[in-house]
Amino acid sequence: MRDPVGSCYYNSLYQDVKRYSKHGEYFFKELMAVFQQRAELELNYAKGIQKLAGRLLRASKGMSNNSTYSAWCHVSDEMYSTADTHRTLGNAFQQEAVLELRQVLDEHSKRKRPLDNHVEKTGKLLTANWNEQLKMKKKLVGITREHEALVNFVETNKHICTEKEKQKMLNRLTKSAQTQAKLDEEYFSRNMEGHQVRLKWENTLKNCYQIIQELEKQRLEILSTTLDRYRLHISGFGQSLMQGQRGVEQAMQRVDLQKDIQALVEETSATAQENKADFLMADYFQMEWVIHVPRILRQDDLIFVLNCCCFFMIGLLKLMKSNSDNPSSANQKNMKETRQLLEETTLKQDLLEATHYKVSLSLVALGECRAIHRFSHSISKWKDKDCEHSVIQLTRPVVMRKSSRTRLSPRQTSSMYNKGAPPPDQGPPHPEQGPP
């Protein structure tokens, strides 16, 4: 059976615009989901970068106030600005894009939903009328054939029939004609009604087509407006980021690295003129009066210790003189090693000299006169549970000096450590002459 709606041009137009609208609705939903996720990403990124900016700012508060750390504070400000920019963009996407698209989508769905119902309802009426016309026509054809057969039968047999039979056949013929006329009238009425239903259905298709077409035009206008807003937001977003970047660039241009390094050296360099350090001294048992040792043996042992101290001091003085006369200038590393060696030699010399003085004091206690030495007030004693210990405070050089200070030569360093002592080339005092 032929479809009554298949050949309708308005129906084809309506189905085409419905497919177009369906694709547009799908794009609307996907675009709304994209903007929703983009807004969430922007807001989450703003939250994360703001947290990092605060962490950087807190870390910068404890640092020195110089141009380098000030530039990093500007980096923290730039990160705060970036976070605000991303937050603004995320809120704009959520408020302007997502909400508006959802509102338009809901409105279009409400307007399109009754259209399909109306088209379907009028289409069913058309199909029902079409089918009813076919049935009535089939029935009318059958009744017409019966009526024609009856007319032929009457015309053929009327000359042989009685009056009673003729009347009876006439009544049947009249009734058949009336039935045929009535059915023909109903069929014609259904046919006219079918034309009206058809026109109503086509008008419904035309109106629904125009409504959907207008909705799609509105959808395109909204998409164009949304795209223009997106362009404006992205343009402002880029300008905000560039402004923050320019702030960082200006802060970087104000960085004076050499000045900051000089300030660091001045702040962290040692300024103390003297640095006292405690060293344990060698305590020989001959010095301990609690130990019962004959006087003559104690004196001989102490003289032997003095000779040993003098021997080591002579060796150290020769080593210092050799390093002072022949400095290694091959490279900075050798110069540093030479200074370290000179410092160690000077320390050993002071310790040996102090030990020499301490042993000399023990000899004085055995009958000599009291000696006066530059370490007289530097040696002290302290006791623990087991025994007594001697401690000497020696002046130690501060290695980290300010860069503006003049370096001392090895000979000047030696003289600084031995203020009041005899020159290195004179050697240590002889034990028989008494302590220095």
Side-chain angles (χ1 to χ4, degrees), residues 1-26 106-219:
M1 184 179 67
R2 186 173 182 178
D3 185 10
V5 299
S7 59
C8 181
Y9 180 70
Y10 290 110
N11 185 50
S12 299
L13 289 177
Y14 178 71
Q15 297 301 327
D16 290 340
V17 77
K18 273 187 63 177
R19 283 190 293 270
Y20 186 90
S21 178
K22 185 177 180 180
H23 292 309
E25 184 177 355
Y26 172 77
D106 294 340
E107 181 181 354
H108 285 194
S109 298
K110 290 179 181 180
R111 292 189 63 182
K112 288 192 297 183
R113 192 177 300 115
L115 298 181
D116 288 337
N117 295 334
H118 196 40
V119 169
E120 183 179 1
K121 182 179 180 180
T122 54
K124 288 181 178 180
L125 292 176
L126 176 62
T127 303
N129 179 271
W130 181 281
N131 294 330
E132 188 176 358
Q133 285 188 64
L134 294 179
K135 292 180 180 179
M136 293 185 69
K137 184 176 181 179
K138 184 178 181 180
K139 184 178 181 180
L140 180 60
V141 170
I143 291 177
T144 302
R145 287 177 179 176
E146 292 178 358
H147 180 71
E148 290 178 352
L150 182 61
V151 170
N152 292 331
F153 178 77
V154 171
E155 291 293 332
T156 305
N157 298 313
K158 64 179 181 179
H159 61 281
I160 61 174
C161 295
T162 61
E163 291 296 330
K164 185 177 181 179
E165 290 176 348
K166 288 181 179 180
Q167 187 64 37
K168 187 176 180 179
M169 292 175 65
L170 182 61
N171 293 336
R172 287 181 60 188
L173 186 61
T174 303
K175 186 177 180 179
S176 176
Q178 292 176 353
T179 301
Q180 182 189 15
K182 182 179 179 181
L183 187 59
D184 184 71
E185 184 179 355
E186 291 180 0
Y187 173 70
F188 180 78
S189 177
R190 290 291 183 273
N191 185 262
M192 293 295 102
E193 183 181 350
H195 297 332
Q196 294 177 357
V197 172
R198 174 84 181 193
L199 292 176
K200 183 178 180 181
W201 179 62
E202 289 181 352
N203 289 330
T204 301
L205 289 174
K206 185 189 301 183
N207 293 333
C208 293
Y209 165 79
Q210 292 175 351
I211 292 174
I212 294 179
Q213 191 179 60
E214 291 298 324
L215 292 178
E216 291 307 310
K217 291 179 181 179
Q218 183 181 0
R219 192 197 304 277

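Just the heavy atoms: all of them, side chains too, but no hydrogens, waters or symmetry mates, feed the values below.
For the atom pair Asn11 CG and Thr204 OG1, the distance stands at 11.5 Å (nearest 0.5 Å). The CD1 atom of Ile143 sits 6.5 Å away from atom OG1 of Thr179, with the distance rounded to the nearest 0.5 Å. In this structure, Lys217 NZ and Ile212 CD1 are separated by 13.5 Å, a value rounded to the nearest 0.5 Å. For the atom pair CZ (Arg172) and NZ (Lys175), the distance works out to 10.0 Å, reported to the nearest 0.5 Å. For the atom pair NZ of Lys182 and CG of Leu140, the computed distance is 13.5 Å after rounding to the nearest 0.5 Å.
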- Message: One pair to check against side chain to side chain contact (heavy atoms under 4.5 Å, CB included): Met136 and Glu132. What are the steps and the verdict?
- Response: CA-CA 6 Å; Met136 293 185 69; Glu132 188 176 358; 4.2 Å; yes
- Can Ile211 and Glu214 be said to form a side chain to side chain contact (heavy atoms under 4.5 Å, CB included), step by step? CA-CA 5 Å; Ile211 292 174; Glu214 291 298 324; 5.8 Å; no
- Can you list the steps and then say if Gln133 with Asn129 is a side-chain hydrogen bond (donor to acceptor under 3.5 Å, both in side chains)? CA-CA 6 Å; Gln133 285 188 64; Asn129 179 271; 2.6 Å; yes
- Evaluate the criterion side-chain hydrogen bond (donor to acceptor under 3.5 Å, both in side chains) for residue pair Asn207 and Tyr14; output intermediate values, then yes/no. CA-CA 9 Å; Asn207 293 333; Tyr14 178 71; over 6 Å; no
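Of the possible donor and acceptor atoms, none in the side chain of Ser189 sits under 3.5 Å from a partner among the backbone N and O of Glu185. Asn152 places a side-chain N or O within 3.5 Å of a backbone atom of Glu148 that can act as its donor or acceptor partner. Side-chain N or O atoms of Thr127 include one that pairs as donor or acceptor with a backbone N or O of Gly123 at under 3.5 Å.
When all heavy atoms are compared, the tightest approach of Tyr209 to Val17 is CD1-CG1, 3.6 Å. Of all heavy-atom pairs spanning Leu125 and Val197, the tightest one is C-CG1, 3.7 Å. Shown here for Trp201 and Leu126, the closest heavy-atom pair between the two residues is CE3-CD2, 3.3 Å.
You'll find the side chain of Leu134 reaches within 4.5 Å of the side chain of Trp130, heavy atoms only. When side chains are defined from C-beta on, Glu146 does not count as touching Gln180, because their heavy atoms never get closer than 4.5 Å. Within the 4.5 Å cutoff, the side chain of Arg19 has heavy atoms near those of the Gln15 side chain. In this structure the side chain of Thr144 never reaches within 4.5 angstrom of the side chain of His147, judged on heavy atoms. Put simply, the side chain of Lys121 does not reach to within 4.5 Å of the side chain of Asn117, judged on heavy atoms. Within the 4.5 Å cutoff, side-chain heavy atoms of Glu193 are placed close to those of Arg190. When side chains are defined from C-beta on, Cys208 does not count as touching Lys18, because their heavy atoms never get closer than 4.5 Å. Annotation: side chain of Leu205 is not in contact with side chain of Leu13 (no heavy-atom distance under 4.5 Å).
Between Glu202 and Arg198 there is a salt bridge, since a side-chain N of the basic residue sits under 4.0 Å from a carboxylate O of the acidic one. Ionic pairing of Arg219 and Glu25 is not present here: no N-O contact between side-chain nitrogen and carboxylate oxygen is shorter than 4.0 angstrom.
Around NZ of Lys112, the count of heavy atoms belonging to other residues, nucleotides or ligands within 6.0 Å exceeds 12. Surrounding OH of Tyr187 are more than 12 heavy atoms belonging to other residues, nucleotides or ligands, all under 6.0 Å away.
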